[in-house]
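Data first, discussion second: the structure below is written as structure tokens.
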Number of protein chains: 2
Amino acid sequence: MKRVTIGDVAVHAGVSTATVSRVLNGGLVAESTAAKVWASAESLGYSPNALTKSIFAGRSSTIGVIIRDLSSPFYLDLIRGVDEVAAANDSPVMLANTYRRTDREAAQVRAMDQHRVRGLITTADETADDHARRMAENGTPCVIVARTAPGLHSVSLDDVAAGRLMAAHLTDCGRSRVGVVSGSHRPTQVKRVEGLRQGLAESGLPQPQEVLVENEDEVDAAVGSLLHRVDAVVCTTGRLTAAVHAALTARDLKMPDDVGFLTVDDFPWASTLGISVVAQPSYEMGRRAAELVVEEPTAPERIVFQPSLIARGSCG
Amino acid sequence: MKRVTIGDVAVHAGVSTATVSRVLNGGLVAESTAAKVWASAESLGYSPNALTKSIFAGRSSTIGVIIRDLSSPFYLDLIRGVDEVAAANDSPVMLANTYRRTDREAAQVRAMDQHRVRGLITTADETADDHARRMAENGTPCVIVARTAPGLHSVSLDDVAAGRLMAAHLTDCGRSRVGVVSGSHRPTQVKRVEGLRQGLAESGLPQPQEVLVENEDEVDAAVGSLLHRVDAVVCTTGRLTAAVHAALTARDLKMPDDVGFLTVDDFPWASTLGISVVAQPSYEMGRRAAELVVEEPTAPERIVFQPSLIARGSCG
DNA sequence: TCCGTTGATGTAACTAGTTACATGCAACTA
DNA sequence: TAGTTGCATGTAACTAGTTACATCAACGGA
């Protein structure tokens, strides 16, 4: 049960712990000594304690990631990007899922700080920014995803452009009476709707009808309240795509013939279902976020990605 | 840049580090002293180093999870279960995604060991078992997911039962010529096909045609080779569901009229698409796996879950 | 007044490593 | 042969905490 320590290896090989440490980390050691040490380590089944290494280094090699919702394809792809870069840098990833419980986020950030993560990538909202900034002051690069934050790195989408892209596509498809289902008061949502408004206005089309929905089970009623006035339904959050889609099909509305449908964030079944989306380069965004952690730029960087339209016919 | 340590707090409060430690961890301290210490800690922005705590405890509070494929709904739900239990026990989760690169798995297990995780939950295959067993001997509970392993805890599905469940449903729907697409030689896959064979045999139906597919891009051809001989296609891995479904729709085959379709692992869009599945209680499995880590049973436990059928009409 | 008890706090050893510095020894030079 | 150089290695201090044990003052009872 007792763990094998560097001291045990040292005794077994008949050298000091300093020598063992040097062998393991590639210091200046005679070849014959190194061989003895490796043999001892092997035969004792020695596994160096990464925690101890970290405390000496003042910081662990782990990258912390706090995600609001792992079940979202956007975040999933984002993590894939983070993972890729982390793996290339021999950094394990510590993942915390808040399941949209905003009140847990500050605690998660604090936990990551206490674990002395090498850097933090988070989708937490403003409440946790103070703590993140304190971490940044202590030399832990913190990257905010999906929004910008003063004094912190950020990787986000040009949400206004996303909204305009939606407007442009709807215009192209000849839709004129647009209904929007948006997910919350978060800046992402607000800006996407804003972009949509701008785009429609510039095309000389009427402003969209908007419903704001907190929860998935409110979606059906919300969509119902829109339908008699619109010829296209837009959803500004990937999280509600399924619910909005279900609300439309439940009313036996065919897309694009009976109603146009456009949403954000690409997902695996979208092509099968023929759903058009405005997609974020989520994988790339994850990579970039992790790169910021690894590169530790001194000044806060704001990286903004451009959305792209994937037309699949659900708008006509 | 230099981190505030317990020593800094001690000096600021005019006490010893031992007293600060006692205040923070609830030892015997005078109320007036405690107040002073809290005030100092607060004003210096002290954040205790979790790594140092762990090294003294001999082990960290983190639970390690190694997952083959985060994009699979099964694993995603599993993690949700793990997360839930971990959060309830104040354990952060360290997640490693191997992206089906089996050769990386042993290294991941080793990394988790070096980080002295409190316990390990892994979907790695047999190659990494030796190392996991060594960890278990050192007192780190290791839980293997989706298969059993001698000397280790495991949480798995009764895969034979899953196969039989499929056979039963196909029989009920009047299908008699079954084609199977299975994903690999992994025990899970083999047992599911075995169960399917048993079930069909017991119903007096002919044995299924089987194709084994490693990669998603082989699916279309594989399905094509089955189609002229079968009236139902079964897929034994959730990973290939989309590809098999696409291969069928690409041939303009309607389910269930032209061909029956049955797969494993429930997923968000399955109900919209009307796809019947044999589901695993993935969330529960994740919870149970994490509970094994927390409870540290002395003898290896094998927990087997039962699958359930969710009929949505894709078989008739 | 003396002794024993109790509560609050400090001292120092401990966790498992790393690393600056000191030392020892052999080979080479003068 | 003495002095210098250089490599290999050990000693001990360091990382940031925890905790067993020692200390000490205040108090109560004899």
Side-chain angles (χ1 to χ4, degrees), chain A residues 1-38 40-41 44-62 110-111 113-118 138-140, chain B residues 1-38 40-41 44-62 110-111 113-118 138-140:
Chain A
M1 210 66 154
K2 185 69 181 56
R3 279 278 182 172
V4 177
T5 69
I6 199 172
D8 301 329
V9 177
V11 169
H12 189 272
V15 297
S16 72
T17 60
T19 301
V20 176
S21 176
R22 276 188 287 256
V23 171
L24 265 36
N25 301 306
L28 195 59
V29 212
E31 230 170 90
S32 59
T33 318
K36 264 194 305 183
V37 170
W38 282 119
S40 296
L44 295 175
Y46 174 62
S47 158
N49 188 328
L51 300 173
T52 313
K53 289 194 183 197
S54 303
I55 129 174
F56 208 87
R59 142 167 341 287
S60 113
S61 61
T62 303
R110 213 171 307 127
D113 187 21
Q114 296 188 354
H115 277 83
R116 298 293 188 266
V117 290
R118 169 180 186 172
N138 280 319
T140 309
Chain B
M1 207 67 153
K2 182 71 179 56
R3 279 278 182 172
V4 177
T5 69
I6 198 172
D8 301 329
V9 177
V11 169
H12 189 272
V15 298
S16 71
T17 62
T19 301
V20 176
S21 176
R22 275 189 287 257
V23 171
L24 264 39
N25 301 303
L28 195 58
V29 214
E31 231 170 86
S32 59
T33 317
K36 265 194 304 185
V37 170
W38 282 120
S40 296
L44 294 175
Y46 174 62
S47 156
N49 187 327
L51 300 173
T52 313
K53 289 194 183 197
S54 302
I55 133 173
F56 208 87
R59 138 165 346 285
S60 111
S61 61
T62 303
R110 212 170 308 125
D113 187 21
Q114 296 187 356
H115 276 84
R116 298 294 188 265
V117 290
R118 170 181 184 170
N138 281 321
T140 309

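Order of the sequence lines sets the chain letters (A, B, ...), proteins ahead of strands, with each chain counted from 1.
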Could you grab the distance from atom OG1 of B/Thr19 to atom CG of B/Leu24, nearest 0.5 Å is fine? 11.5 Å
Using 0.5 Å steps for rounding, measure from the NE2 atom of A/His115 to the OG atom of A/Ser54. 10.5 Å
Side-chain N,O (B/Thr19) to OP1/OP2 (C/dG10) below 4.0 Å: yes
Using atom types as modelled and distance alone, determine if a side-chain donor or acceptor of A/Arg59 lies under 3.5 Å from a backbone N or O of A/Val117. yes
Report, one pair per line, the protein and nucleotides 16-18 of chain C atoms (nitrogen or oxygen only) whose separation is under 3.5 Å.
residue, atom, partner, partner atom, Å
C/dA16, O4', A/Thr52, OG1, 3.4
C/dG17, OP1, A/Tyr46, OH, 3.4
C/dG17, OP1, A/Asn49, N, 3.2
C/dG17, OP2, A/Ile6, N, 2.7
C/dG17, O5', A/Tyr46, OH, 3.0
C/dT18, OP1, A/Asn25, ND2, 3.1
C/dT18, OP2, A/Ser21, OG, 2.5

Length of the CG-C1' vector between A/Leu28 and D/dG10, whole Å: 14 Å
Quick one: side chain to side chain donor-acceptor pair (under 3.5 Å) pairs with a partner in residues 22-31 of chain B, sequence neighbours left out? B/Ser21-B/Asn25
Taking side-chain contact (heavy atoms from CB on, under 4.5 Å) as the test, write out the residues that go with B/Asp8, two or more places apart. B/Val4, B/Thr5, B/Leu44
B/Ser61: which residues meet the side-chain hydrogen bond (donor to acceptor under 3.5 Å, both in side chains) condition with it, sequence neighbours left out? none
Quick one: side-chain hydrogen bond (donor to acceptor under 3.5 Å, both in side chains) partners of A/Thr62, sequence neighbours excluded? A/Ser60
Contact class for B/Ser16 (heavy atom, under 4.0 Å): base, sugar-phosphate, or nothing? base
Criterion side chain to side chain contact (heavy atoms under 4.5 Å, CB included) on A/Arg3 and B/Thr140, from CA distance to verdict: CA-CA 11 Å; A/Arg3 279 278 182 172; B/Thr140 309; 3.7 Å; yes
Five pairs at each end of the helix from C/dT1-D/dA30 to C/dA30-D/dT1: take the axis at both ends and give me the angle between them to 10°. 70°
